[in-house]
Amino acid sequence: MVDEFLSEREQAEQLRDWLRANWIWMAAGVALVAGGYYGYQWWQSSRATDSLAAEARFSAMLEALTRNNREEGVRIGNELATAHRDSPYADQALLLLARLDVEGGNLGQAESRLAGVARKSDDPELRLVAQMRLARVQLAQGRHDDALATLESARQPATEARVEELRGDVLLARGDEAGALAAYRNAQSLAGTPSMDGELVDAELLGLKIDELSSAAAAAAATAPATE
C-alpha cells in the first residue's frame, strides 16, 4: 500500500511539474480554439451583412432602371460590382450592365463584364449565362472562332440545345451553311430540353432557320452542274 501511495504521489508531482512547464502552451491552445470559433462567427455575420447590403444595392439598381434613370442604374451597378465583388448580386449586376452595354453599342465593355462573370463567378448557372451571352457578343463582333470556343466551354446537358443553335448562327455567319444546318438540326433534336434558366429553344424560329437553309441547299444542288 505504501508503494502504491508513493507511486500515485509521484505521478501527481510529475503531473504538476508538467502543468507548470506547459501551462502557457495549453492556454494558447484554448485561446486559439476560442479565437477560431468567434472568428468564424464574426466572418459568418460579416458575410450575411454584406449579402444584405449587396441585395439592397441591386434592388436600388433595378428601381433606377425601372424609372428609366439609366445613368443612376449604371452608377449603382458599378458601385455594387466593386464594393461587393464576391456577392452573387455583383455578378447579376454585371450581367445587367453588359446588356445595357450591348444596347448602347459598347460591345467591348460588354465582353469584358461577361468574361469576368464567366471566369470568376461562384455560381455555376451565372457562369453559364455569362458564357452564352459572351458568345453572342463575340459573334456580333465578327470573332467567330472566339465565339465557337466560348460555346464549347459552355456545353453541358442543360445548355446543349442553346449551344447548338448559337453554334449554327456562328457557322452561318462564317459562311459554313452545311455546318450551320447540321447544328440547327442537332438543336432541334434537343429542343425539348430545358435550359439552365428554364427556357426552351424557340422551336418555331429554329424551324424557320432549318427550312431556309434546306431550301437553299436544295436549290444549290438543283443548279449544280452534273459531273460524270
Side-chain angles (χ1 to χ4, degrees), residues 40 43-62 65 73-74 76-103 106-141 143-171 183-203 205-206:
Y40 176 74
W43 178 75
Q44 288 283 74
S45 176
S46 177
R47 285 198 64 181
T49 301
D50 184 74
S51 179
L52 289 174
E55 181 182 9
R57 297 308 288 159
F58 186 67
S59 296
M61 177 187 181
L62 293 179
L65 293 175
V74 169
I76 295 173
N78 283 323
E79 290 177 357
L80 169 57
T82 300
H84 306 281
R85 61 172 57 91
D86 295 326
S87 167
Y89 290 105
D91 295 332
Q92 294 182 51
L94 287 171
L95 291 176
L96 187 49
L97 288 171
R99 176 181 292 181
L100 296 175
D101 288 331
V102 170
E103 292 174 357
N106 192 349
L107 298 182
Q109 182 64 44
E111 180 185 10
S112 177
R113 297 189 201 274
L114 292 171
V117 177
R119 184 174 62 254
K120 298 178 182 177
S121 178
D122 292 330
D123 188 322
E125 292 189 2
L126 290 181
R127 285 200 306 270
L128 286 173
V129 170
Q131 287 169 327
M132 296 295 289
R133 294 183 184 180
L134 176 59
R136 291 189 179 95
V137 168
Q138 290 168 333
L139 170 59
Q141 293 173 314
R143 292 165 47 198
H144 304 140
D145 290 342
D146 289 338
L148 291 173
T150 299
L151 285 173
E152 286 305 311
S153 68
R155 189 183 292 278
Q156 294 188 18
T159 62
E160 193 72 26
R162 290 279 189 91
V163 165
E164 281 299 297
E165 181 181 15
L166 187 49
R167 191 170 73 89
D169 293 343
V170 176
L171 292 174
Y184 289 149
R185 285 174 172 161
N186 285 340
Q188 189 177 52
S189 70
L190 299 163
T193 304
S195 68
M196 66 279 184
D197 51 10
E199 296 182 2
L200 300 175
V201 168
D202 188 334
L205 177 59
L206 185 58

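What you see below is based on every heavy atom in this structure, not just the backbone, and it leaves out hydrogens, waters and symmetry mates.
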Problem set entry | Residue from Q131, R133, Q138, R143 passing side chain to side chain donor-acceptor pair (under 3.5 Å) with T150 | Q138
Exercise. Judged by atom type as modelled, is there a donor-acceptor pair below 3.5 Å linking the side chain of S121 to the main-chain atoms of A118?
Worked result: no
Exercise. Can you find a heavy atom in the side chain of R127 that is under 4.5 Å from one in the side chain of V117?
Worked result: no
Seminar exercise, completed: Here the pair of heavy atoms bringing A147 nearest to A135 is CB-O, 3.6 Å
For this session: Quick one: pull up CG in L126 and CD in Q92 and give me the separation to the nearest 0.5 Å.
Result: 5.5 Å
Exercise. To the nearest 0.5 Å, how far apart are CG in L139 and NE2 in H144?
Worked result: 5.5 Å
Exercise. About how many Å separate CG of L206 and CG of N186, when rounded to the nearest 0.5 Å?
Worked result: 10.0 Å
Exercise. In a check of side-chain contact (heavy atoms from CB on, under 4.5 Å) between L166 and each of L171, L148, V201, L151, which one passes?
Worked result: L151
For this session: To the nearest 0.5 angstrom, please state how far the NZ atom of K120 sits from the CG atom of D86.
Result: 10.0 Å
For this session: Could I get the full list of side-chain contact (heavy atoms from CB on, under 4.5 Å) partners for V74, not counting sequence neighbours?
Result: R70, N78, L97, L100
Problem set entry | Rounded distance (nearest 0.5 Å) linking atom CG of L114 with atom CZ of R119 | 11.5 Å
Exercise. When you check the gap from the basic side-chain N to the acidic O, do E111 and R136 get nearer than 4.0 Å?
Worked result: no
Exercise. Got a sec, which residues hit side-chain hydrogen bond (donor to acceptor under 3.5 Å, both in side chains) with E152, two or more places apart in sequence or on another chain?
Worked result: R155
Problem set entry | With sequence neighbours excluded, residues passing side-chain hydrogen bond (donor to acceptor under 3.5 Å, both in side chains) with D123 | none
For this session: Would you name the heavy atoms of L65 and G73 that are closest together and state the gap between them?
Result: CD2-CA, 4.0 Å
Seminar exercise, completed: Hits for side-chain contact (heavy atoms from CB on, under 4.5 Å) against R185, two or more places apart or cross-chain, chain-then-number order -> L181, I210, S214
For this session: Mind listing the closest non-hydrogen atom pair of A54 and S87 along with its distance?
Result: CB-OG, 3.5 Å
For this session: Identify, with sequence neighbours excluded, every residue that meets side-chain hydrogen bond (donor to acceptor under 3.5 Å, both in side chains) alongside R167.
Result: E164
For this session: List the atom of L94, the atom of A81, and the distance in Å for their closest heavy-atom pair.
Result: CD2-CB, 3.8 Å
Exercise. With sequence neighbours excluded, what pairs up with A90 under the side-chain contact (heavy atoms from CB on, under 4.5 Å) test?
Worked result: none
Exercise. In Å and rounded to the nearest 0.5 Å, what is the CD to CE distance from E165 to M132?
Worked result: 8.5 Å
Exercise. Between L80 and Y89, what is the shortest heavy-atom contact and its length?
Worked result: CD2-O, 3.6 Å
Problem set entry | N/O donor-acceptor pair under 3.5 Å between T159 side chain and A154 backbone | yes
For this session: Could you pull out all residues at least two apart from D101 that satisfy side-chain hydrogen bond (donor to acceptor under 3.5 Å, both in side chains)?
Result: R113
Exercise. In chain order, what residues pass the side-chain contact (heavy atoms from CB on, under 4.5 Å) check against A60, with sequence neighbours excluded?
Worked result: R57, I76
For this session: Can you sort out the partners of D122 under salt bridge (Lys or Arg N to Asp or Glu O under 4.0 Å), two or more places apart, ordered by chain and number?
Result: none
